[in-house]
J.: 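Quick one: this structure, given as structure tokens, is what I'll be asking you about.
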Amino acid sequence: MKRLEKQVVIVTGGAQGIGEGVCEVFCKEGAVVALWDVMPDGEATAERIKAAGGTIFFQKVDVTQQEEVTAAVASIIAEYKKIDILINNAGIVRDRSILKMTRKEWDEVMRVNVDSLYITARAVIPHMKKANYGRIISASSINAFAGAFGQTNYSASKAAIVGFTHALCKEVGKYNITVNAVAPGFIKSEMTDTMPDEVVTKAIAMIPVKRIGTPEDMGYAYLFLASKEAGFISGHTLHANGGAMPV
Ligand code: NAD
């Protein structure tokens, strides 16, 4: 029995890393996935998952651009008539300690990691409301809670996502829409591949399960909150970090 049979899902930032893992797991569970990304590589990712039997298509969408989001949502609705699940996964880092951080580096992180949630939520909620069903799940981070050196912009943006989640769940719960966040710990992806080996070794030593997470691990964390069975869980942040920071 597939858990997301014919459910229509948007995964933002799905071209690589965690987003790609979410697309793979959701497709295995029978979902129809719209993979959004600014990178054209999203096309190849969608083709690879499709070749493995998934129902997935790529839409080149920058989640900071209202018109692009509106147009992509309209085309999904024209084809499939509904959007069941929104995964706000797209995110960026621009790490630098506060006195060296440029205003541009601060603003870029806020625009992609936070402003995008305003844009995507306003585009999909009217359709979820009409269907009286929805799941909205956004990517926070362990660093929203632990903080990280050189990441004032990123940690602040990921904490904002938790506040957004708490507030939005109160507004849309009456339409049977749940709103949650996933706070990944240290996960293998292009975002973390650039870290020096000794930093990775030290990080693993601090993780009780003694490994870093995989995009597939995150796919299953999102799947749990996205499932119909999770209908009484809303306003929650699921910490998926191998026990690195019990919250
Ligand atoms: P990643 O950099 O590998 O992938 C992010 C994807 O988002 C990329 O494909 C990128 O092109 C896309 N993207 C960036 N800006 C976009 C925009 N404006 N519009 C559409 N797409 C855009 O990152 P990842 O490691 O897979 O992380 C995914 C999410 O999980 C991010 O929000 C990240 O902050 C969060 N996260 C990651 C980790 C980790 O250890 N990897 C830990 C905690 C939280």
Side-chain angles (χ1 to χ4, degrees), residues 10-25 34-46 48-49 58-73 86-95 105 107-120 123 137-148 151 153-162 164-165 181-195 199-200 203-204 206-207 211-219 221-222 225 237-242 244-245 247:
I10 294 169
V11 179
T12 75
Q16 62 176 33
I18 294 174
E20 183 175 358
V22 174
C23 290
E24 275 183 329
V25 168
L35 186 169
W36 288 7
D37 210 289
V38 271
M39 288 201 307
D41 309 36
E43 183 79 65
T45 305
R48 189 182 61 69
I49 297 172
F58 171 60
Q59 293 181 302
K60 190 168 179 301
V61 179
D62 180 339
V63 288
T64 67
Q65 300 303 313
Q66 178 85 67
E67 317 76 54
E68 291 185 26
V69 167
T70 306
V73 164
L86 166 66
I87 306 292
N88 284 313
N89 164 77
I92 61 167
V93 286
R94 296 285 184 270
D95 296 356
E105 288 163 339
D107 287 345
E108 278 175 358
V109 166
M110 292 302 162
R111 206 159 45 243
V112 177
N113 296 6
V114 184
D115 294 7
S116 64
L117 271 60
Y118 168 82
I119 293 172
T120 57
I137 312 164
S138 308
S140 179
S141 166
I142 190 171
N143 289 340
F145 302 85
Q151 289 199 330
N153 51 358
Y154 182 79
S155 301
S157 73
K158 294 294 172 179
I161 289 166
V162 173
F164 173 90
T165 298
V182 170
F186 187 3
I187 312 302
K188 182 165 175 45
S189 77
E190 284 76 356
M191 191 183 261
T192 50
D193 277 351
T194 52
M195 292 169 80
V199 177
V200 175
I204 291 173
M206 309 280 284
I207 302 171
R211 66 173 179 88
I212 64 173
T214 63
E216 189 185 31
D217 287 324
M218 294 305 103
Y222 279 98
L225 292 171
T237 299
L238 178 62
H239 294 272
N241 59 34
M245 195 183 68
V247 186

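All heavy atoms count here, side chains included; hydrogens, waters and symmetry mates do not. When a ligand or atom number is given, it counts from 1 through the structure's own listing order.
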J.: Suppose I only count heavy atoms of Y154 and a 4.0 Å limit; which atoms of ligand 1 are within that range?
T.: 33 (C), 34 (O), 35 (C), 36 (N), 43 (C), 44 (C)
J.: Look at atom 14 (C) of ligand 1 and say which protein heavy atom is nearest, naming residue and atom and giving the distance to 0.1 Å.
T.: I92 CG2, 3.7 Å
J.: Using heavy atoms and a threshold below 4.0 Å, how should the contact between S140 and ligand 1 be classified: side chain, backbone, both, or neither?
T.: backbone
J.: When you measure from atom 20 (C) of ligand 1 to each heavy atom in I119, V61, T12, which option holds the nearest one?
T.: V61
J.: Show the atoms of ligand 1 that are less than 4.0 angstrom away from any heavy atom in G185.
T.: 38 (C), 39 (C), 40 (O), 42 (C), 43 (C)
J.: Could you tell me whether S189 approaches ligand 1 through its side chain, its backbone, both or neither, with non-hydrogen atoms closer than 4.0 Å?
T.: side chain
J.: Heavy-atom pairs closer than 4.0 Å: do any link ligand 1 to the side chain of V112, the backbone, both, or neither?
T.: side chain
J.: Polar contacts were defined as any N/O atom of the residue lying under 3.5 Å from an N/O atom of the ligand; does this apply to T192 and ligand 1?
T.: no
J.: Compare every heavy atom of K158 with every heavy atom of A139, then report the nearest pair and how far apart it is.
T.: O-NZ, 2.9 Å
J.: Would you give the length of the straight line joining atom CE of M39 to atom CZ of F58, rounded to the nearest 0.5 angstrom?
T.: 8.5 Å
J.: Return the CG to OG1 distance between D62 and T12, rounded to the nearest 0.5 Å.
T.: 10.5 Å
J.: Check this for me - ligand 1, I18, N or O atoms closer than 3.5 angstrom, yes or no?
T.: yes
J.: Return each pair, listed once, that meets side chain to side chain donor-acceptor pair (under 3.5 Å) where at least one residue sits in residues 15-25; pairs must be two or more places apart or across chains.
T.: E20-R48, E24-R48
J.: With heavy atoms under 4.0 Å as the rule, classify the contact between K158 and ligand 1 as side chain, backbone, both or neither.
T.: side chain
J.: Kindly compute the distance separating CD1 (I142) from OG (S155), expressed to the nearest 0.5 Å.
T.: 10.5 Å
J.: Could you work out, for atom 28 (C) of ligand 1, the closest of V63, I187, N89 by heavy-atom distance?
T.: N89
J.: To check your reading of the model: name the closest protein heavy atom to atom 8 (C) of ligand 1, its residue, and the distance in Å.
T.: D37 OD2, 3.6 Å
J.: Got an N/O contact under 3.5 Å between S141 and ligand 1?
T.: no
J.: Sequence neighbours left out, what passes salt bridge (Lys or Arg N to Asp or Glu O under 4.0 Å) with D41? Give chain and number order.
T.: none
J.: For ligand 1, note which part of W36 has a heavy atom under 4.0 Å away: side chain, backbone, both or neither.
T.: neither
J.: I'd like the name of whichever of Q16, K60, E190 reaches closest to atom 2 (O) of ligand 1 through any heavy atom.
T.: Q16
